[in-house]
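Accompanying notes for the structure given below.
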Amino acid sequence: MAIPQNFIQDLLSRADIVEIVGRHVQLKKGGANYLGLCPFHGEKTPSFTVSPSKQFYHCFGCGKHGNAIGFLMDYASMNFVEAVKDLAGQYAMQVPDDERSPEDRARAAQQRERQQTLTDVLEKAGAAWRKHLRQSPRAIGYFKARGVSGEIAKQFGLGYAPEGWRTLAGVFPNYDDPLLAESGLVIVNEEDDKRYDRFRDRVMFPIRNVKGECIGFGGRVLGDDKPKYLNSPETPVFSKGRELYGLFEARSAIHEQGFVLVTEGYMDVVALAQLGFPNAVATLGTACTPDHVQKLFRFTDHVVFSFDGDAAGRRAARKALDGALPYATDVRTVKFLFLPPEHDPDSYIREHGQEAFARFVRQAVPLSTFLVEASAEDCDLATAEGRSQMVSKAGPLWKQLPDGALKRQLLGELADRAQLGSHELLEIWGVAAPGSARPRSRERRGGEAPYGKRAYGAGRRQAIKPKAVAFAEQVARIALRNSAVWHALSNDDHHLLCELQPPHGDLFSWLDTRFHEHGGEPWAVLQLALEGQPFVELANRLVDLDNMQPIGRAIDVEDFGEPELQRALIEIHLDALNEEQQRIVQLPSTDPSRTERLYEVIRRTQELTQRRQALLQMSRTPAG
């Protein structure tokens, strides 16, 4: 889906990043910025800053930075389109989609409204079951026996669905509401249209999406009823092939620990969080799918799958391998952990301790090793027949890997085991050798020729001496933080800045054009609009100077005031006047305009020098 750039810029202009970040991070005002503990890595001293003027966030600890859309992508691990849609929804803005008809857009809006209604219904049921848990010694006893504390139960929203066929009728007065059946809370008997609760006498595990909305439930029976574990059915908001239990709760821990541990059940996730491994998630009664893997890689580049060591666990691991292969790039790590048959993660940690389990995780089988083992399983590699079977099984697996170093290394290893050459193996699989295709010539962005002509502004080019470069960049940095400052400059200032040599003059001319077309814009918007411009590196470097400052100075630099701005402009004007004076002096004495022009330059220089002195005096005078 292609979202128009002007819509994204308009969205960021309306969004308030302090409000958006503040919903997830406790912020405190500090100078012109807001400070808080970084949500992307563990810290005790705040190094996370949010700038309302730039509409930008930056962490001095881990380096994470970006605009409001970037924050949603980093914090909730949304993709770009999801983040834009989520942010647009918060400001009642319709994301344009030219490919859809008005009828399709109307249907999509109705679908979103219905999904929100379903999550509201599920949230209400979850709140009722949390109350029932506090009133059920039997359910509390089950969790206590599993070592679950009240704090962990609260974190995961654990509850209890009481015995009885229609206890939810006490929560929803209109028990015949179709939403109860559509959300999976109530089952409708098609023969006699009788209704009853899906979950009865079960401890309940709310399933949340990455935004924290309840989209379904998992329930574990307390009695002898079957099935032992029961999940919500597929609904408009819940698909077990795409969702992972505990992902919402584990997001921060995954960032901090650097990897995610994928287990087989929601009780594993809760128990691991209790025992010091809060970075665990679980599939929901189904094999790990490519959608699961893709979602996990939005949060981390290191995934460890945990399975029982029995035959069923090996089969589940084999399916997870299929799901992981298309995403196993050279910068990602996938491992497979096989527990002893008599243990699940909970029992293993309780018997052997946290460090033993952590060591077990570190020693998990790499994807490359498991791929070779899976290919060679039940194949007698001492015989030609066995090696041929391995080659036949390995081909479909190897082909799923993305091109890269890992794929090439595995080709060599499989070829060695098959006692064949790499090219022979590829020929058997019907694949061209990696790198055999003729490389495409790289085209220069924006056309064949590099940037070499003036893109913006009018008039002659004004040379800029090294002395004045720092002042020009100081002005540019202030204007880039929020281009509304351009309105405060005089017409002479505009001409002077726009007529500097490139890339500085082109950057100022571009800012001038943006201001007249869009008014004042924060850096978050300007940064997007700068993409593809020849001076984008200059602009990014200037704004990044703020992010290189220690925290104390990062706040001070935002308070750069009007006197400093005027002094910088005066220095640039004086430099330009000095250049003009040198040119006038070179004119022949017979030139009728020489004396008049020289007089005007001297007069203007004296005036600016006096203004500079006044500004310097003002800066030395104590306040108050």
Side-chain angles (χ1 to χ4, degrees), residues 1 72-86 89 95 107-108 111-123 126 156-157 182-185 198 204-219 229-251 253-254 259-270 279-307 316-329 332 334 400:
M1 176 183 179
L72 292 176
M73 293 174 69
D74 285 337
Y75 186 80
S77 289
M78 300 178 182
N79 61 37
F80 179 76
V81 174
E82 290 171 340
V84 170
K85 287 182 175 180
D86 186 274
V95 179
R107 280 194 292 271
Q111 176 73 0
R112 287 193 298 271
E113 185 177 349
R114 186 174 68 155
Q115 289 176 342
Q116 184 60 55
T117 304
L118 288 175
T119 58
D120 290 343
V121 168
L122 292 163
E123 291 280 7
F156 285 89
E182 190 175 5
S183 64
L185 295 173
R198 179 180 300 275
M204 300 301 295
F205 300 79
I207 302 165
R208 295 165 171 151
N209 61 20
V210 292
K211 293 191 289 184
E213 299 168 333
C214 183
I215 56 175
F217 291 94
Y229 293 97
L230 179 66
N231 287 328
S232 291
E234 300 281 311
T235 71
V237 295
F238 174 63
S239 172
K240 62 184 180 182
R242 292 197 297 267
E243 301 298 339
L244 290 150
Y245 176 73
L247 184 56
F248 173 74
E249 292 80 3
R251 292 167 308 155
I254 291 170
F259 74 98
V260 61
L261 183 63
V262 186
T263 64
E264 296 187 84
Y266 29 71
M267 196 59 224
D268 288 334
V269 173
V270 174
N279 53 323
V281 301
T283 53
L284 294 157
T286 184
C288 190
T289 67
D291 285 339
H292 287 144
V293 177
Q294 187 179 31
K295 181 170 286 191
L296 289 169
F297 277 132
R298 285 160 52 183
F299 287 81
T300 179
D301 288 329
H302 190 166
V303 177
V304 180
F305 293 102
S306 173
F307 299 99
R318 180 64 179 75
K319 292 179 180 177
L321 175 66
D322 283 330
L325 283 172
Y327 304 102
T329 64
R332 292 169 173 167
V334 179
Q400 292 184 65

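Heads up: numbering here begins at 1 and tracks the sequence.
Shown here for Arg198 and Leu230, the closest heavy-atom pair between the two residues is O-CD2, 3.8 Å. In this structure, Glu264 and Ser306 approach most closely via the heavy-atom pair CG-O, 3.8 Å. Across Ala324 and Phe305, no two heavy atoms sit closer than the pair CB-CE1, 4.3 Å. Scanning both residues, Arg251 and Ala76, for their nearest heavy atoms gives NH1-CA, 4.3 Å. Of all the heavy atoms in Val269 and Ala280, the pair that sits closest is CG1-O, 3.4 Å. When every heavy atom of Phe307 is checked against every heavy atom of Ala320, the shortest pair comes out as CZ-CB, 3.8 Å.
Applying the side-chain hydrogen bond (donor to acceptor under 3.5 Å, both in side chains) test to Gln294 and every residue at least two apart in sequence or in another chain returns nothing. Looking at residues two or more places apart in sequence or on another chain, you find no side-chain hydrogen bond (donor to acceptor under 3.5 Å, both in side chains) involving Arg332. Partners of Thr300 by side-chain hydrogen bond (donor to acceptor under 3.5 Å, both in side chains), not counting sequence neighbours: none found. Legend: residues meeting side-chain hydrogen bond (donor to acceptor under 3.5 Å, both in side chains) with Thr235, ordered by chain and number and at least two apart, are absent. Taking the salt bridge (Lys or Arg N to Asp or Glu O under 4.0 Å) definition, one finds that Lys240 meets it with nothing, sequence neighbours left out. Residues meeting the salt bridge (Lys or Arg N to Asp or Glu O under 4.0 Å) test with Asp268, sequence neighbours left out: none.
Contact check for Cys214 versus Ile207: no side-chain heavy atoms found under the 4.5 Å cut-off. Within the 4.5 Å cutoff, the side chain of Val262 has no heavy atoms near those of the Val304 side chain. When side chains are defined from C-beta on, Asn279 does not count as touching Phe299, because their heavy atoms never get closer than 4.5 Å. The side-chain heavy atoms of Val237 and Leu122, taken from C-beta on, include a pair separated by under 4.5 Å. Side-chain contact check for Leu247 versus Ile254: some heavy-atom pair is nearer than 4.5 Å. A 4.5 Å side-chain heavy-atom check between Phe205 and Val270 finds at least one atom pair inside the cut-off. Asn79 is not listed as a side-chain neighbour of Met73, based on a closest heavy-atom distance of 4.5 Å or more. Counting heavy atoms from C-beta on, the side chains of Pro236 and Glu182 come closer than 4.5 Å.
The line from CG of Asp322 to OG1 of Thr289 is 11.5 Å long, rounded to the nearest 0.5 Å. The OG atom of Ser239 sits 9.5 Å away from the CG atom of Leu284 when rounded to the nearest 0.5 Å. Here the straight-line distance linking atom CG of Leu261 with atom OG1 of Thr263 works out to 6.5 Å at 0.5 Å rounding. With rounding to the nearest 0.5 angstrom, the CZ atom of Arg242 is 15.5 Å from the OG1 atom of Thr283. With rounding to the nearest 0.5 angstrom, the CG atom of Asn231 is 10.5 Å from the OH atom of Tyr245. Rounded to the nearest 0.5 Å, atoms CZ (Phe156) and CE (Met204) are 15.5 Å apart.
A donor-acceptor pair under 3.5 Å links the side-chain atoms of His292 to the main chain of Gly241, judged by distance alone.
One finds no salt bridge joining Glu213 and Arg208 here, because no Lys/Arg side-chain nitrogen approaches an Asp/Glu carboxylate oxygen to under 4.0 Å. Ionic pairing of Lys295 and Glu243 is present here: one or more N-O contacts between side-chain nitrogen and carboxylate oxygen are shorter than 4.0 angstrom.
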Query raised in the report: Can Glu82 and Asp86 be said to form a side-chain contact (heavy atoms from CB on, under 4.5 Å), step by step?
Result: CA-CA 6 Å; Glu82 290 171 340; Asp86 186 274; over 6 Å; no
Query raised in the report: Do Tyr229 and Tyr266 pass the ring pair (Phe, Tyr, Trp, His ring centres under 6.0 Å) test, and can you show the C-alpha distance, the side-chain angles, and the key distance before you say yes or no?
Result: CA-CA 10 Å; Tyr229 293 97; Tyr266 29 71; 5.7 Å; yes
